[in-house]
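Report on the following structure.
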Amino acid sequence: MASTDAPVAAKPAKPLRRQPLWIIYGFVLPALALALVFDYYPAISGLYLSMTNTMEVGIQSQFVGLTNYVALFTSSIFLNSLWHMLVLAGAGMIIGTVVPLLVAEMIFHLASGRWRYVYRLAFLAKMLVPGMVIVEVWGYMLSVGGLLDRICQFLGLPGAQTGWLVDQHTALPAIIFIGFPWVAGVGILIYYAGLVAIDPEILDAAAVDGSGGLHRVLNVDVPLVLGQVKLTVILSAIGGFQGYFAQFLLTQGGPGWSTMVPGYYMYQSAFINGDMGLASAVGVFLFVLIFSITLINMKYLRSSQDFAGQR
Amino acid sequence: MIAAREPVLTKAGPLPTPAKVLGKHQRGMRWGLHSLLWILGILEFYPMVLAVFMSLKTNTQYYLHPFSLTFPLDFANYSQAFAVIWHFILNSVAVVSISLAGTLLVSTMAGFAIGRYRFPGRDVVYYMLIGLMMVPGVLTMVPLFVLISHFHMVDSWWGLVFPYIAGGEIFSIFLLRQFMMGIPQELFDAAQVDGATIWQEFWHIALPSVMPILGVIAVNHVVGWWNDLIWPSIVLTNQKWMTLMPGLYSFTGQNQTNVGPLMAGYVIGSIPLVILFMFTSRLFIEGMNSGAFKL
């Protein structure tokens, strides 16, 4: 994030009249103390916990070295969950990049400023609805005899025999399908801001060259919003690697571990099986994974800043 | 960062007019775009509409026609649901209010000191705080629960409030510091001539100047905390203290075959934020925009 404040940092805050240092530290102390106790301490103790056999809280535990990590990477359930995570995150990256770009393009091509505003507001408003409500309702739509089955029946397609989330072969795709058509979200705002920032002369030139519709989107717009594309890819990846909301509410990792992901494996180890050590090991593993992606993101941060200014 | 840029949603700003580019077919194209957007919108919002439909059904109506609107509408589900979840709503209001007051207070103070004063260790403190933006929640969740247990904060609102403040303050300080740096020095000089103390500078100059960004921060925290499910359902097991989402979750467990009241509960639980949004949509959107840079 360091590059963000570069323009501001160019003129550092002038020191005011001399104040006793303890007063100034007093202003920072509450925030710092909370961060140390509730952010830093858990992060560091998580590393330690992952090398202990801590079961229930308060019971004596022992240092066991890398045993938990060995257990993790020899567990076929966990190794399979990595694959499911990659599938879900991969789908999320494609969906989270392509859909908002297309919708932002559609909104951007409207002539009426009022309608552009209404559509953006409407799609964003869905983010207020509790995710729990949406996922639960999708659970009903995907259940046996649910809405999706009825649509399949209407179209003459075979429906699910037991419910889309209850069949091993359809459960993972069904989780991806939750939220269809995946329009709502901050992605539209990100892309819309990028499109507005494109120099109108470029668009005029493209029009003179006879470039319009999908051709223009692919050859003119996409290269110009590449920073936004990178950002949404990274954000979707980070979200996809640690998410387990649908598993928590609907499948509990089943049926037969077919929707198990590392995040839910962690939750289950800690709060259902009471194995805090093993769960912490999953947390550390996911942290390393996400942190690497964050570092890659840092490389691209400058380009994603281009649209932060809305120029 | 936010102040420096134009409002994201200018109603009729000097936007380029891409319609020009579309040439002759622009009218047909525009209708096509509108229809597509409406279809997407209907599909996107259908689950919510469905929740409302299902909340107005008796069990018989549900088994016969689960996915459409049926008459007569059955409003009894709402009173049944409300009787159970009203105190979850009150609990959520309390937890969110305490967390919000705490977050805004500690982050405004820290942002003020870091943004307006030079003191030994300032940059270390700032980057220590900001660095936490790169630590995902999955790393800290389990050890945080162990910590909360040691503090005897399980089944207590403090087990939510302290982690919420400690998590929420980070990005807030990041934004507030920049806004503090942007306040004109003359305001502080004038106050000092009048003999203002540091507290008076904070309350009478700094705080009023950052009010707009505080609104943005507040609205976005409220949405996040109100809809939070997994952490509160770990911390709170006693119905007495449960906030809305874990409350609805346990309500779900009790009403698997009783869809009407369940959906009525979902609808009631979604309404407070919709009302909030009606009054603060601009703040929410600005926050969503700036939040996109938070990891």
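Keep in mind that what you see is a predicted model, and the values were worked out from it rather than measured. Protein chains get the first letters and strands the later ones, always in sequence-line order, with residue 1 at the start of each.
- At a 4.5 Å heavy-atom cutoff, the contact between B/Met48 and chain A is made by side-chain atoms alone.
- At a 4.5 Å heavy-atom cutoff, the contact between A/Ala43 and chain B is made by backbone and side-chain atoms alike.
- Most heavy-atom pairs under 4.5 Å with chain A: of the set B/Phe202, B/Tyr46, B/Trp226, B/Phe119, this distinction falls to B/Phe119.
- In terms of non-hydrogen atom pairs under 4.5 Å with chain B, the most contact-rich of A/Val28, A/Val183, A/Ile290, A/Val103 is A/Val183.
- Each of B/Ser107, B/Gly111, B/Ala110 has some count of heavy-atom pairs under 4.5 Å with chain A, and the biggest count is that of B/Ala110.
- In this structure a side-chain-to-backbone donor-acceptor pair under 3.5 Å is present from B/Asn227 to A/Leu128.
- Proximity to chain A is limited to the side chain of B/Leu262, based on heavy atoms less than 4.5 angstrom apart.
- Ranked by heavy-atom pairs shorter than 4.5 Å toward chain A, the options B/Ile148, B/Leu276, B/Thr140 are led by B/Thr140.
- Ranked by heavy-atom pairs under 4.5 Å with chain B, the list A/Pro130, A/Gly283, A/Ser112 is led by A/Pro130.
- Across A/Ile24, A/Leu32, A/Leu286, the residue that shares the most heavy-atom pairs under 4.5 angstrom with chain B is A/Ile24.
- Comparing B/Gly102, B/Pro120, B/Gly265 by heavy-atom pairs within less than 4.5 Å of chain A, the highest count is held by B/Pro120.
- With a 4.5 angstrom heavy-atom cutoff, A/Ala33 does not touch chain B via any of its atoms.
- Between A/Phe248 and B/Tyr249, a ring centre-to-centre spacing shorter than 6.0 Å is recorded.
- Heavy-atom distances place the side chain of B/Ile234, and not its backbone, under 4.5 Å from chain A.
- Between B/Phe151 and A/Phe38, the ring-plane angle classifies as perpendicular under the 30° and 60° cut-offs.
- Using a distance-only test at 3.5 Å, with no hydrogens or angles considered, no donor-acceptor pair links the side chain of A/Tyr140 to the main chain of B/Ala51.
- For A/Leu147, the parts lying under 4.5 angstrom from a heavy atom of chain B are both the backbone and the side chain.
- Interface remark: A/Val288 contributes no atoms to any contact with chain B (heavy atom separation under 4.5 Å).
- Taking OH of B/Tyr117 as the start and OH of A/Tyr25 as the end, the distance is 14.0 Å to the nearest 0.5 Å.
- If you tally non-hydrogen atom pairs under 4.5 Å between each of A/Val129, A/Leu29, A/Val282 and chain B, the highest count goes to A/Val129.
- Listed options B/Leu273, B/Leu132, B/Asp228, B/Leu147 were ranked by heavy-atom pairs under 4.5 angstrom with chain A; first place goes to B/Leu132.
- Taking CG of A/Leu110 as the reference point, atom CZ of B/Arg30 lies at 8.0 Å (rounded to 0.5 Å).
- For an aromatic pair to be called close, the ring centres must be under 6.0 Å apart, and A/Phe27 with B/Trp199 satisfies this.
- Between B/Ser149 atom OG and A/Met276 atom CE the span is 6.5 Å, to the nearest 0.5 Å.
- For A/Leu36, the part lying under 4.5 angstrom from a heavy atom of chain B is the side chain only.
- Residue B/Ser233 touches chain A through its side chain alone, counting heavy-atom pairs closer than 4.5 Å.
- Proximity to chain B involves both the backbone and the side chain of A/Phe180, based on heavy atoms less than 4.5 angstrom apart.
- Rounding to the nearest 0.5 Å gives a distance of 3.5 Å between CD of A/Glu136 and OH of B/Tyr266.
- Interface remark: B/Ile170 contributes side-chain atoms only to the contact with chain A (heavy atom separation under 4.5 Å).
- Interface remark: A/Trp182 contributes backbone atoms only to the contact with chain B (heavy atom separation under 4.5 Å).
- Distance check, rounded to the nearest 0.5 Å: CG of B/Leu139 to CD1 of A/Ile44 gives 9.5 Å.
- Using a 4.5 Å cut-off between heavy atoms, A/Met106 touches chain B through backbone and side chain atoms alike.
- Only the side chain of B/Leu229 comes within less than 4.5 Å of a heavy atom in chain A; its backbone stays farther off.
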